[in-house]
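All values below were derived from every heavy atom in this structure, side-chain atoms included, with hydrogens, water molecules and symmetry-related copies excluded.
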Amino acid sequence: MSDSTQAKTLEPYKIDVPQDVLDDLKERLQKTRFFDDLDNEEEYYGISTAYLKPLVEYWANGFDWRAQETRLNSWNQHKVEIDGAPVHFVYVRGKGPNPIPLIINHGWPWPGEFSYDLIGPLTDPAAHGGDPSLSFDVIIPDMPGFAWSTPVGRGDLNYWKIADILHKLMTDTLGYEKYAAAGSDYGALVIGALGHKYADSIIALHLGHDLPPGMFSNERFWDLTDGAKIPEDASPELREGLEFMISTYVSHVAAHMLDGSTLAHGLNDSPIGMLAWLLRRWKKWSDKRGNFEEAFSRDFILTQATVFWVTQSIGTSIRMYRNAVRYPWVPSHNRTPMVEAPAGFTFLLGDAYPPAVNTVEDRIAVFENGPTRSLYNVVNVNAHMKGGHFVHYENPEGFVADLTETIRRVVS
């Protein structure tokens with residue numbers, strides 16, 4: 001299952017940011033003109049200057065990119081070109097009798113490193129208290145247009161086109177006949193497209209969000225609520241949950257869909273502007289019951305922000321949203337379920353969606369009784385209290401356990 005002879009010819013890749021790029025970043029940060037952010041101590045209007053300023057000062061004068069670069073380069077990395085798009089990926093072979101190839105896809109705005117905590121438990125389960133008979137060859141790409149999978153020479157990339165590229169990575173480049181796939185957020189859209197079009201090549205899928213192919217195909221593609229208002233008879237708890245969900249997710253989709261390049265001009269030229277836009281997502285989308293600073297250290301935050309900055313990938317990553325509309329997904333077949341490959345799910349209750357759901361049982365029931373359930377060939381569903389939207393990063397233990405169980409149910 002995991003014989004991959006072609007992978008032996010891959011050239012190693014190392015991250016090496018030119019010093020003049022880092023010097024330019026430092027100079028820009030030191031010249032930041034901070035906004036006089038009145039009456040925003042509680043971040044009612046978004047990320048506050050009071051929160052941002054010390055982080056920017058540390059980025060300019062204390063953050064050690066070279067140390068982070070060395071850490072990132074400790075992983076086995078490669079970079080190839082497929083269909084005119086660069087694909088950077090970390091590749092770690094599994095230990096055990098017959099490792100299963102597994103590609104893990106990130107979302108927006110979380111580059112591949114958000115999934116690196118999964119590598120050890122999946123490639124060497126025996127060393128992490130897991131079942132040594134079920135290990136994985138782990139492939140974690142930066143999706144084309146993100147991070148080190150740049151610069152892209154084509155402006156049409158979206159989730160289903162990335163699915164085609166990553167399928168070729170797994171089958172043509174790495175030589176696997178069949179493989180498993182995992183993903184959350186935008187990555188869940190990508191692997192849903194894989195599970196639809198390439199089901200014969202997919203052992204199983206494991207998703208952190210139920211985002212099926214065809215998302216963003218509605219008339220109000222920029223509006224996650226599709227024009228729905230909060231019901232007048234909503235309970236106070238439901239009203240509060242809906243308001244929180246809207247304030248958490250709606251703004252970035254609308255901006256990315258309707259003014260992606262307009263926004264990107266500013267973010268690509270201003271490191272503090274880019275940091276503020278990214279940080280708002282990381283902070284707002286993380287576990288609503290958790291402590292953000294404990295889960296997301298400032299070095300981790302600034303590593304991801306620096307990656308976006310030095311690769312100039314903020315604009316190409318944002319473009320993925322509108323390209324889902326400009327180049328709409330077309331089904332490859334009309335069979336049911338839409339996503340035929342066996343699928344498992346991990347849901348985290350610290351996410352803003354769904355609103356007013358407070359127990360594991362209720363979260364599972366929302367999915368089981370919801371509109372997306374029938375679109376998947378579901379074999380495993382679980383939920384956990386810990387973690388928010390960034391499933392792989394915020395609860396790697398739960399995700400690994402659920403993913404492993406999904407695969408076990410399919411291959412045993």
Q. Trp65 and Thr303: side-chain contact (heavy atoms from CB on, under 4.5 Å), yes or no, with the steps?
A. CA-CA 7 Å; Trp65 165 255; Thr303 297; 4.0 Å; yes

Interatomic distance, OH@Tyr376 vs OG1@Thr372, rounded to 0.5 Å, equals 6.0 Å

Review point. In terms of side-chain geometry, is the basic nitrogen of Lys386 or Glu397 positioned less than 4.0 Å from the acidic oxygen of its partner?
Key: yes

Kindly assign one of parallel, tilted or perpendicular to the pair Phe146 and His106, based on the angle between their ring planes and the thresholds 30° and 60°. perpendicular

Any side-chain heavy atom of Ile140 sitting closer than 4.5 Å to one from Val138? yes

Practice prompt. Would you please test Tyr159 and Asn323 for side-chain contact (heavy atoms from CB on, under 4.5 Å) and show each step?
Written response: CA-CA 9 Å; Tyr159 68 90; Asn323 274 349; over 6 Å; no

- Just by modelled atom types, is the Gly145 backbone N or O under 3.5 Å from a matching donor or acceptor in the Ser149 side chain? no

*Enclosure of Asp200 CG (heavy-atom neighbours >12, cutoff 6.0 Å)*: no

State yes or no: are the ring centers of Trp285 and His252 separated by less than 6.0 Å? yes

Do Lys79's NZ or CZ and the ring of Phe89 fall within the cation-pi criteria of under 6.0 Å and 45°? no

- Between Lys26 and Phe63, is NZ or CZ placed under 6.0 angstrom from the six-membered ring centre and within 45° of the ring axis? no

NZ (Lys14) with more than 12 external heavy atoms under 6.0 Å:
yes

**Message:** Between Asp83 and Arg154, does any NZ, NE, NH1 or NH2 come within less than 4.0 Å of an OD or OE carboxylate oxygen?
**Reply:** no

- Task: Check whether any side-chain heavy atom of Ser135 sits under 4.5 Å from a side-chain heavy atom of Asp124, and report yes or no.
- Result: no

Atom CD of Glu368: over 12 foreign heavy atoms under 6.0 Å: yes

In short, Met320 meets Leu157 closest at the heavy-atom pair SD-O, 3.4 Å

Discussion item. Can a side-chain donor-acceptor contact be found between Asp299 and Ser297 if the only test is distance below 3.5 angstrom?
Written reply: no

Whether the His206 and Thr406 side chains hold a donor-acceptor pair (N or O, under 3.5 Å, no angle test) is what I'd like checked.
yes

- With a 3.5 Å cut-off and no angle check, do the side chains of Asn382 and Glu405 form a donor-acceptor pair? no

Discussion item. Hydrogens and angles aside, do Tyr186 and Asn105 bring a side-chain donor and acceptor to less than 3.5 Å of each other?
Written reply: no

* Asked: Should we say atom CD of Glu81 is surrounded by more than 12 heavy atoms from elsewhere, each under 6.0 Å from it?
  -> yes

Hey, what's the ring geometry for His389 with Tyr249, parallel, tilted or perpendicular (30° and 60° as the breaks)?
-> tilted

Any carboxylate oxygen within less than 4.0 angstrom of a Lys/Arg side-chain nitrogen, looking at Glu340 and Arg335? yes

> More than 12 foreign heavy atoms under 6.0 Å from CD of Glu42: is that the case here?
Replying inline: no

Subject >> Residues Asp131 and Arg408 bridged, charged N to O under 4.0 Å >> reply: yes

query = Can you list the steps and then say if Arg66 with Asp64 is a salt bridge (Lys or Arg N to Asp or Glu O under 4.0 Å)?
reply = CA-CA 6 Å; Arg66 291 303 184 195; Asp64 187 350; over 6 Å; no

Below 3.5 Å, can you tabulate the donor-acceptor pairs from side chains in residues 111-123 to any protein atom, sequence neighbours excluded?
| residue | atom | partner | partner atom | Å |
| --- | --- | --- | --- | --- |
| Glu113 | OE1 | Gln304 | NE2 | 2.8 |
| Glu113 | OE2 | Arg71 | NH1 | 2.6 |
| Glu113 | OE2 | Arg71 | NH2 | 2.9 |
| Ser115 | OG | His392 | ND1 | 2.9 |
| Thr123 | OG1 | Ile119 | O | 2.7 |

In terms of heavy-atom contacts, Pro144 and Val152 come closest through C-CG1, 4.2 Å

Exercise for the section: Return yes if some donor-acceptor pair links the side-chain N/O of Asn369 with the main-chain N/O of Ala365 below 3.5 Å, else return no. Expected result: yes

Crowded around Arg319 CZ? As in, over 12 foreign heavy atoms under 6.0 Å?
-> no

Worksheet entry | Asn358 vs Asp362, side-chain contact (heavy atoms from CB on, under 4.5 Å): CA-CA, chis, key distance, verdict | CA-CA 7 Å; Asn358 299 308; Asp362 286 347; 6.0 Å; no

Q. Regarding His167 and Tyr179, is there a side-chain donor-to-acceptor distance under 3.5 Å anywhere?
A. yes

Next on the checklist: Looking at Lys53, I'd like to know if its NZ atom is crowded, meaning that more than 12 non-hydrogen atoms belonging to other residues, nucleotides or ligands lie closer than 6.0 Å.
Outcome noted: no

The reported gap from CZ in Arg281 to CH2 in Trp108 (rounded to nearest 0.5 angstrom) is 6.0 Å

To the nearest 0.5 Å, atom OG of Ser317 lies from atom CG of Leu267 at 9.0 Å

Legend entry - Audit row: Glu43, Lys283, salt bridge (Lys or Arg N to Asp or Glu O under 4.0 Å) steps and yes/no: CA-CA 11 Å; Glu43 300 199 325; Lys283 194 176 181 185; 2.8 Å; yes

Taking the six-membered ring of Trp277 (Phe, Tyr or Trp), confirm whether the NZ or CZ of Arg280 is under 6.0 Å from its centre and within 45° of its axis. no

Rounded to the nearest 0.5 Å, the CG atom of Leu55 sits from the CG atom of Leu302 at a distance of 4.5 Å

Are Leu348 and Arg363 packed together at the side-chain level, in the sense that at least one heavy-atom pair is separated by less than 4.5 angstrom? no

Interatomic distance, CD1@Ile15 vs CG@Asn73, rounded to 0.5 Å, equals 5.0 Å

Phe367 meets the ring-ring contact (aromatic ring centres under 6.0 Å, His included) criterion, sequence neighbours left out, with Phe345, Phe347

(message) Would Leu174 and Tyr91 count as a side-chain contact (heavy atoms from CB on, under 4.5 Å) here? Give the steps.
(response) CA-CA 10 Å; Leu174 299 183; Tyr91 188 18; 3.9 Å; yes

Scanning both residues in full, the closest heavy-atom pair of Leu278 with Ala305 reads CD1-CA, 4.3 Å

In short, Asp137 meets Gly94 closest at the heavy-atom pair OD1-N, 2.8 Å

Exercise for the section: Step through it carefully: locate the ring centre of Tyr321, locate the ring centre of Trp222, and say whether they are under 6.0 Å apart. Expected result: no

- Is there a donor-acceptor pair closer than 3.5 Å between any side-chain N or O of Gln312 and the backbone N or O of Pro151? no

Ignoring hydrogens and geometry, is there a side-chain-to-backbone donor-acceptor pair from Asp37 to Thr49 under 3.5 Å? yes

Any idea how Phe292 and Tyr51 line up, ring-wise: parallel (<30°), tilted (30 to 60°), or perpendicular (>60°)?
tilted

One should read off an interatomic distance between Ile272 CD1 and Trp59 CH2, to the nearest 0.5 angstrom, of 9.0 Å

Non-hydrogen side-chain atoms of Met143 and Val190 separated by less than 4.5 Å: yes

Between Asp164 and Tyr198, is there a side-chain donor-acceptor contact under 3.5 Å, judged purely by atom types and distance? yes

- Query: So, does Arg28 use its side chain to make a donor-acceptor pair with the main chain of Asp269 at under 3.5 Å?
  - Reply: yes

query = Parallel, tilted or perpendicular: which fits the ring planes of Trp282 and Phe308, with parallel below 30° and perpendicular above 60°?
reply = tilted

Notebook entry, point to check: So His196 and Trp329, ring-ring contact (aromatic ring centres under 6.0 Å, His included) or not? Walk me through it.
Noted result: CA-CA 11 Å; His196 169 80; Trp329 175 74; 5.0 Å; yes

